[in-house]
Number of protein chains: 2
Amino acid sequence: MAVTISDVALAAGVSKGAVSYALNGQPGVSPDTRDRILRVAKDLGWKPSLRAKGLSSAKAYALGLVVARDPSLLGTDPFFPAFIAGIETALAEHDYTLVLSVATAPGAEERCYRKLVDNGRVDGVILTDVRRGDSRIPLLLELKLPAVTLNRPDASSPFPAVSVDESAGIFAAVEHLVTLGHRRIAHVGGGQEYIHGRSRRQAWEDALAAAGLPSDHFAAADFTAAGGVAATAELLRRADRPTAIVYANDLMATAGQSYAQSLGLSVPGDLSVTGYDNAEFTQYLNPPLTTLATDPMLWGRVSAQVLLNQLAGAHQSEDTALPAPRLVIRASTGPAPD
Amino acid sequence: MAVTISDVALAAGVSKGAVSYALNGQPGVSPDTRDRILRVAKDLGWKPSLRAKGLSSAKAYALGLVVARDPSLLGTDPFFPAFIAGIETALAEHDYTLVLSVATAPGAEERCYRKLVDNGRVDGVILTDVRRGDSRIPLLLELKLPAVTLNRPDASSPFPAVSVDESAGIFAAVEHLVTLGHRRIAHVGGGQEYIHGRSRRQAWEDALAAAGLPSDHFAAADFTAAGGVAATAELLRRADRPTAIVYANDLMATAGQSYAQSLGLSVPGDLSVTGYDNAEFTQYLNPPLTTLATDPMLWGRVSAQVLLNQLAGAHQSEDTALPAPRLVIRASTGPAPD
DNA sequence: AGCAGCAACTGAACCGGTTTAGTAGTTGAC
DNA sequence: GTCAACTACTAAACCGGTTCAGTTGCTGCT
């Protein structure tokens with residue numbers, strides 16, 4: 001049977017209240033009494049009942065992650081597993097758990113957040129895939145649910161943000177292509193409703209501007225393979241066909257590369273291709289994909305830590321910046337065709 | 001402020017106990033009184049406090065999933081996202097949540113289960129990646145934690161199992177290759193410590209036996225790309241080189257295919273290749289991969305339902321069988337070379 | 001009519017912790 | 001010496017629900 005603080009109080013000869021103060025580092029007991037209580041609790045093998053703690057302190061000791069992506073996209077995205085693993089490393093140090101929800105149906109995301117709050121399931125949430133004018137920010141304010149966002153939202157947000165400077169990664173990819181002699185470097189963007197979709201495009205534009213090149217070869221897509229094929233088809237139909245394409249994620253790069261090859265184009269002879277995320281399978285493509293590698297595990301760990309600090313009462317005044325993506329050069333990029 | 005059952009009791013003119021019986025469908029209140037209580041509760045907008053319910057009923061209203069795979073493997077496996085999405089569809093109907101842990105460090109898996117139990121975090125767990133002599137079965141018995149297993153473990157297990165007959169899928173892949181004229185059909189197995197690793201191999205052997213062909217072209221791997229390359233290299237070094245390889249998962253097939261191509265072999269001209277799982281990216285490989293498609297979302301949903309039924313007191317006497325994988329024929333398989 | 005059994009309720013205990021209001025003792029300032 | 005402020009404790013209330021033991025009234029049987 002579980003040892004309760006009543007057992008500890010009895011054995012230590014003090015009240016339950018004193019035990020609670022001692023065990024939680026609260027003032028109100030003398031140092032001697034505190035030591036005695038802590039020793040008795042340890043000797044008896046006392047462990048807090050998180051259920052009881054939760055009820056009296058109105059806390060869940062859990063963080064929430066609501067993923068609103070289609071599962072088929074998640075299955076090819078190396079980001080989330082590593083991100084979640086990173087979150088876990090932070091949570092394990094605090095006896096918190098991760099409550100995961102996948103909410104892809106229309107309206108499911110909002111219903112999911114409301115349910116988490118109504119049921120007191122989580123103390124805070126980690127917001128990934130931040131969108132322009134993200135409706136989750138006002139929703140979470142209404143629900144009084146603390147949050148941390150991945151990247152700084154475009155609209156005003158009171159929540160701390162953990163950011164990666166994606167510009168440097170895309171800049172490096174574009175520079176690599178410019179060095180290889182490319183002058184028509186296109187970009188197949190992810191969903192432009194996402195902050196990260198926009199920032200990758202902006203970085204592509206800025207890098208081309210720095211190289212004195214036009215940024216008029218842009219096609220929007222939605223991070224899906226089908227979207228990547230359609231965008232690639234659009235770009236390759238142009239009279240001034242690009243000699244290189246910078247894709248906003250690996251799946252689109254994979255599908256786009258495959259599509260170009262199906263047209264008889266050689267990669268990288270006729271068209272160079274870069275991706276984003278360094279998915280495990282990309283090194284085994286034919287040819288292996290040049291891509292950008294991020295550190296999602298670190299991102300997950302830091303995000304969880306920032307949110308836990310927030311919940312503990314610390315107020316983060318500045319966004320946390322993580323290292324930029326690293327360019328991984330493989331065989332999908334080569335000299336521009338003559 | 002939240003409406004409690006005390007508020008409902010006061011407004012309905014009955015005791016808290018009567019309210020609890022009425023709201024939980026328990027006997028002990030007359031039909032008239034029950035109706036009145038239910039109406040008052042609804043009018044007042046009463047919602048149960050899961051924290052309070054949890055404390056008094058010793059339940060967490062959550063299911064646990066501990067994933068002991070390396071995150072990089074998860075990022076290329078379409079199984080888990082869809083599986084988790086399927087779990088969610090069942091949980092949503094019961095106001096349960098999913099507590100997810102990723103535990104890859106040595107010993108972390110066991111520590112994770114113990115912590116979930118110590119903290120009363122979950123009412124039951126779903127066991128994926130069942131292994132031969134899986135130590136989790138006795139562990140969960142010791143911890144008195146209900147579970148459902150994916151596939152029937154080889155050792156005695158009191159937990160209900162949800163199974164897919166993988167034989168039919170692998171059988172179909174081998175038959176497809178036999179029909180194409182292949183006589184030396186190899187198998188690159190996943191981790192043979194896993195039940196599903198063994199059963200895929202067994203199915204390959206059985207299908208070859210049925211076709212009157214020898215099953216001596218086997219190489220063990222570990223579901224990783226590097227493992228797939230090494231196993232492929234071993235097989236391709238044989239004097240009696242196989243003309244086709246059935247891989248236990250898509251990542252190994254992708255890497256193996258790529259490796260064979262790097263040796264100057266043509267796929268499928270010199271070597272036909274099949275995978276398993278139908279990952280999104282496989283249709284964009286060069287050539288697109290022939291593979292087996294399962295329904296992980298259904299698997300997730302059914303598994304969660306079986307476990308929830310178990311927790312509700314129902315005792316499942318038979319394992320639940322799900323449909324066999326479906327062969328998806330693409331361009332990585334073709335006629336055997338002369 | 002009397003008795004046994006059952007249903008319909010009740011109030012209180014319980015779940016295991018946190019916080020509040022109160023009491024007693026001590027210390028320092030005047 | 002007196003008073004105010006503080007510390008160190010206490011018992012009880014509270015968190016919001018579930019279950020238990022007890023009481024009352026009703027019904028059916030003898």
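Below, each value reflects all heavy atoms present in this structure, side chains not excepted, and no hydrogens, waters or symmetry copies. Here is how names work: the chains are called A, B, and so on, in the same order as the sequence lines, proteins then strands, and each is numbered from 1.
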List in chain and number order the residues that pass ring pair (Phe, Tyr, Trp, His ring centres under 6.0 Å) with Tyr21(A), two or more places apart in sequence or in another chain; answer none if no residue qualifies.
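With sequence neighbours excluded, Tyr21(A) shows a ring pair (Phe, Tyr, Trp, His ring centres under 6.0 Å) to no residue whatsoever.
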
Strictly under 3.5 Å: I want the nitrogen or oxygen pairs between protein and nucleotides 10-12 of chain D, one per line.
{"from": "dT10(D)", "atom 1": "OP1", "to": "Ser15(A)", "atom 2": "N", "distance (Å)": "3.4"}
{"from": "dT10(D)", "atom 1": "OP2", "to": "Ser15(A)", "atom 2": "N", "distance (Å)": "2.6"}
{"from": "dT10(D)", "atom 1": "OP2", "to": "Ser15(A)", "atom 2": "OG", "distance (Å)": "2.7"}

With sequence neighbours excluded, tell me which residues meet side-chain contact (heavy atoms from CB on, under 4.5 Å) with Ala11(A).
Val40(A), Leu44(A)

Please enumerate all residues that pass side-chain contact (heavy atoms from CB on, under 4.5 Å) together with Asp118(A), with sequence neighbours excluded.
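With sequence neighbours excluded, Asp118(A) shows a side-chain contact (heavy atoms from CB on, under 4.5 Å) to Lys47(B), given in chain and number order.
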
Side-chain atoms of residues 52-59 of chain A: list all donor-acceptor pairs with protein atoms under 3.5 Å, sequence neighbours left out, distances to 0.1 Å.
{"from": "Ser56(A)", "atom 1": "OG", "to": "Ala52(A)", "atom 2": "O", "distance (Å)": "3.0"}
{"from": "Ser57(A)", "atom 1": "OG", "to": "Lys53(A)", "atom 2": "O", "distance (Å)": "2.4"}
{"from": "Ser57(A)", "atom 1": "OG", "to": "Tyr61(A)", "atom 2": "OH", "distance (Å)": "3.3"}

To 10°, what angle do the rotation axes through the five end pairs on each side of the helix from dA1(C)-dT30(D) to dC30(C)-dG1(D) form?
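That helix has its two terminal axes inclined by roughly 50°.
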
Counting side-chain heavy atoms from CB outward, which of dT18(C), dG16(D), dC9(D) is closest to Ser57(A)?
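Of the options given, the side chain of Ser57(A) lies nearest dT18(C).
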
Between dT18(D), dT18(C), dC9(D), which one does the side chain of Asn24(B) approach most closely?
dT18(D)

Please list every donor-acceptor pair under 3.5 Å in which a side-chain atom of residues 153-164 of chain A meets a protein atom from a residue at least two apart or in another chain.
{"from": "Asp154(A)", "atom 1": "OD1", "to": "Gly133(A)", "atom 2": "N", "distance (Å)": "3.1"}
{"from": "Asp154(A)", "atom 1": "OD2", "to": "Gly133(A)", "atom 2": "N", "distance (Å)": "3.3"}
{"from": "Ser157(A)", "atom 1": "OG", "to": "Phe159(A)", "atom 2": "N", "distance (Å)": "3.1"}

Under 3.5 Å, side-chain donor or acceptor atoms of residues 139-150 of chain B against the rest of the protein: list the pairs with distances, not counting sequence neighbours.
{"from": "Glu142(B)", "atom 1": "OE2", "to": "Arg114(B)", "atom 2": "NH1", "distance (Å)": "3.0"}
{"from": "Glu142(B)", "atom 1": "OE2", "to": "Arg114(B)", "atom 2": "NH2", "distance (Å)": "3.3"}
{"from": "Thr149(B)", "atom 1": "OG1", "to": "Asn151(B)", "atom 2": "O", "distance (Å)": "2.9"}

Nucleotide-resolved protein contact map, nucleotides 22-28 of chain C, B/S/- at heavy-atom distance under 4.0 Å
-------

Spacing of Lys59(B) atom NZ relative to dT18(D) atom P, expressed in whole Å
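Those two atoms, NZ and P, are 10 Å apart.
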
Arg51(A) CZ - dC15(C) P separation (whole Å)
14 Å

All N/O donor-acceptor pairs, side-chain side in residues 92-107 of chain A, below 3.5 Å, sequence neighbours left out:
{"from": "Glu93(A)", "atom 1": "OE2", "to": "Arg301(A)", "atom 2": "NH2", "distance (Å)": "2.9"}
{"from": "His94(A)", "atom 1": "ND1", "to": "Ala90(A)", "atom 2": "O", "distance (Å)": "3.2"}
{"from": "Asp95(A)", "atom 1": "OD1", "to": "Asn119(B)", "atom 2": "ND2", "distance (Å)": "3.2"}

Listing request: all ring pair (Phe, Tyr, Trp, His ring centres under 6.0 Å) pairs with a residue in residues 98-135 of chain A, at least two apart in sequence or in separate chains.
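Every pair satisfying ring pair (Phe, Tyr, Trp, His ring centres under 6.0 Å) with a residue in residues 98-135 of chain A: there are none.
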
Counting only non-hydrogen atoms, which of residues 37-46 of chain B are less than 4.0 Å from DNA chain C?
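When residues 37-46 of chain B is checked for heavy atoms under 4.0 Å from DNA chain C, there are no hits whatsoever.
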
What orientation do His196(A) and Tyr194(A) show, parallel under 30°, tilted 30 to 60°, or perpendicular over 60°?
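His196(A) vs Tyr194(A) ring planes: parallel.
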
